[in-house]
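Data first, discussion second: the structure below is written as structure tokens.
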Amino acid sequence: MKKIIENVYSVGAIHWDRRLFDELIPLPDGTSYNAYLIMGSEKTALIDTVDPATKEQLINHLKEFKGLKIDYIISNHAEQDHSGTIPDILEANPEARVVTNKKCMELLIKLLHIPSERFITIEDGEILSLGDRTLKFIFTPWVHWPETMCTYLAEDKILFSCDFFGAHTASPETFVKDLSKAEESAKRYYAEIMMPFRNFISSNLKKLEEYDIKIIAPSHGQVYSDPNFIIALYRDWVSDAVKNEVVIPYVSMHGSTKVIVEKLTEALMERGIDVYPFNLSHADIGEIAIKTVDSATIVIATPTVLAGPHPLTAYITIFLNATKPKTKFMGIINSYGWGSITVNWLTQHLSNFKGEFIEPLEIKGLPTEEDLDKVNKLAEKIHTMHKSLGIT
Ligand code: FEO
């Protein structure tokens with residue numbers, strides 16, 4: 001248990017050794033599931049709970065408050081990493097009610113089989129008094145699910161933002177101290193979890209402008225005593241601005257694709273472009289996602305396997321299609337031996353990409369000098385496209 005301010009405590013759990021989220025997203029620094037206890041003069045509220053795998057930590061933290069009776073469990077988000085221990089808290093507090101919006105209630109009933117009579121539903125902007133403290137509910141749909149909301153503690157100007165502004169970090173320090181590390185973790189979180197909802201985030205950032213916020217207490221990672229730090233980062237990430245960068249996810253079986261990627265990397269760097277090649281046979285997809293937050297161009301390079309793309313390239317293509325980076329230009333390079341439907345397959349599986357496709361480059365066998373000249377021309381084309389954006 002950690003004190004945030006007088007009568008407001010962080011009581012959640014740290015998951016030090018979790019290494020995957022949704023069995024997909026790498027978590028190199030573990031994560032935390034933050035829950036917050038607010039003790040008003042008349043009522044006590046618990047904001048969110050923890051992933052069931054760590055529920056003992058929450059339960060033990062709550063035991064530190066002798067005679068504690070929880071009146072309200074505020075559920076900002078139905079995803080089980082925050083809601084999964086609500087049934088345990090309800091069982092231990094038979095009079096407690098779950099306070100949330102209607103959509104979240106419906107999900108919690110489906111996901112956790114919580115009886116409907118245990119809920120109090122609230123509307124956007126509604127307030128709940130704890131006596132000397134007041135909670136206001138701010139609906140923030142699609143950050144991260146349609147039912148997601150934030151809770152604002154009015155007297156102390158604390159925003160309990162749940163996934164919004166979160167970071168997958170396991171740290172003994174409750175508050176952010178190392179800004180550079182905090183930015184890195186928050187950007188990874190944004191890239192892996194939030195980026196598909198960029199437009200929703202943008203409108204919800206605007207919605208929050210009317211609130212005077214002194215502290216942001218998310219449900220993953222550390223608490224921000226300087227809200228402007230993370231809000232400014234989010235404004236940048238969700239903006240349309242891109243950097244003079246190219247990300248190249250690639251895989252090479254017998255070396256031909258590698259030769260092409262090395263040539264492209266060199267040719268782009270010669271033109272002053274920052275290039276990030278990622279060999280998919282061992283790359284961390286989180287690192288790729290981070291780089292796609294601001295890169296102007298992505299070039300996917302792959303050999304053909306059994307007529308289609310190498311499965312590792314197919315995987316990253318589906319991943320990038322789901323995360324929807326704001327990248328402006330997309331290139332495809334295919335190295336093949338005889339026939340190939342690779343370019344068609346990759347293009348079709350990038351249906352969410354709203355930018356411009358660069359004319360694909362298909363090279364048969366080990367690249368010749370002529371082929372490498374085509375790679376050089378591709379680099380020149382990308383350079384020209386970046387110049388058209390005014391980012392070189
Ligand atoms: Fe941390 Fe969308 O759950």
Side-chain angles (χ1 to χ4, degrees), residues 10-36 46-55 57-58 73-89 98 100-101 103-112 114 137-151 159-171 174 176 182 185-201 204-205 208 216-224 230 234 237-238 286 289 319 322-324:
S10 178
V11 292
I14 299 176
H15 205 157
W16 298 97
D17 60 355
R18 187 163 183 178
R19 287 294 173 266
L20 269 186
F21 202 83
D22 293 342
E23 299 305 317
L24 170 71
I25 304 295
L27 306 179
D29 300 322
T31 192
S32 68
Y33 318 107
N34 303 338
Y36 298 95
L46 176 68
I47 299 193
D48 291 318
T49 65
V50 298
D51 190 289
T54 58
K55 71 179 178 186
Q57 290 185 53
L58 171 63
I73 304 163
I74 314 298
S75 180
N76 280 328
H77 179 24
E79 193 165 9
Q80 293 91 328
D81 51 328
H82 309 293
S83 69
T85 307
I86 291 177
D88 300 82
I89 304 298
V98 180
T100 192
N101 59 71
K103 268 191 192 145
C104 189
M105 177 186 77
E106 287 166 359
L107 278 168
L108 291 172
I109 289 171
K110 281 284 176 201
L111 296 174
L112 299 168
I114 297 171
F137 305 105
I138 308 166
F139 289 12
T140 49
W142 293 109
V143 191
H144 156 225
W145 282 5
E147 88 301 356
T148 319
M149 65 182 198
C150 295
T151 299
L159 184 76
F160 298 96
S161 57
C162 201
D163 278 350
F164 206 175
F165 307 119
H168 283 311
T169 307
S171 170
T174 305
V176 166
S185 301
K187 192 168 187 180
R188 175 180 277 268
Y189 184 89
Y190 171 82
E192 293 175 338
I193 310 279
M194 289 291 167
M195 194 155 65
F197 309 104
R198 190 166 72 90
N199 293 333
F200 292 100
I201 293 170
N204 282 304
L205 281 171
L208 292 179
I216 291 181
S219 289
H220 293 291
Q222 296 170 295
V223 175
Y224 299 94
I230 189 69
Y234 261 72
W237 297 334
V238 303
F319 180 80
T323 56
K324 300 183 190 169

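Each ligand, and each atom within it, is numbered from 1 in the order the structure gives.
- When you scan the N, O or S atoms of H220 for the one nearest atom 1 (Fe) of ligand 1, you land on NE2.
- The aromatic rings of F197 and W142 sit parallel, their planes meeting at an angle under 30°, below the 60° perpendicular limit.
- Atom 1 (Fe) of ligand 1 lies closest to atom OD2 when only the N/O/S atoms of D81 are considered.
- For D163, the N, O or S atom with the smallest separation from atom 1 (Fe) of ligand 1 is OD1.
- Judged by distance alone, with hydrogens and angles left aside, the side-chain atoms of N76 form no donor-acceptor pair with the main-chain N or O of I47 at under 3.5 Å.
- When distances from atom 2 (Fe) of ligand 1 to the N, O or S atoms of E79 are compared, OE1 comes out shortest.
- Counting backbone and side-chain atoms alike, C162 contributes no N/O/S atom closer than 2.8 Å to atom 2 (Fe) of ligand 1.
- Minimum heavy-atom separation, D163 to M194: CB-CE, 3.4 Å.
- Looking only at its N/O/S atoms, H77 has NE2 as the one nearest to atom 2 (Fe) of ligand 1.
- Nearest heavy-atom pair, T49 versus I89, reported as atom, atom and distance to 0.1 Å: CG2-CG1, 4.0 Å.
- Residue contacts to atom 1 (Fe) of ligand 1: H82 brings an N, O or S atom closer than 2.8 Å.
- Closest to atom 2 (Fe) of ligand 1 among the N, O or S atoms of H144 is ND1.
- Counting heavy atoms from C-beta on, the side chains of M149 and T100 come closer than 4.5 Å.
- The only option from R18, H220, H15 that meets the side chain to side chain donor-acceptor pair (under 3.5 Å) definition with D81 turns out to be H220.
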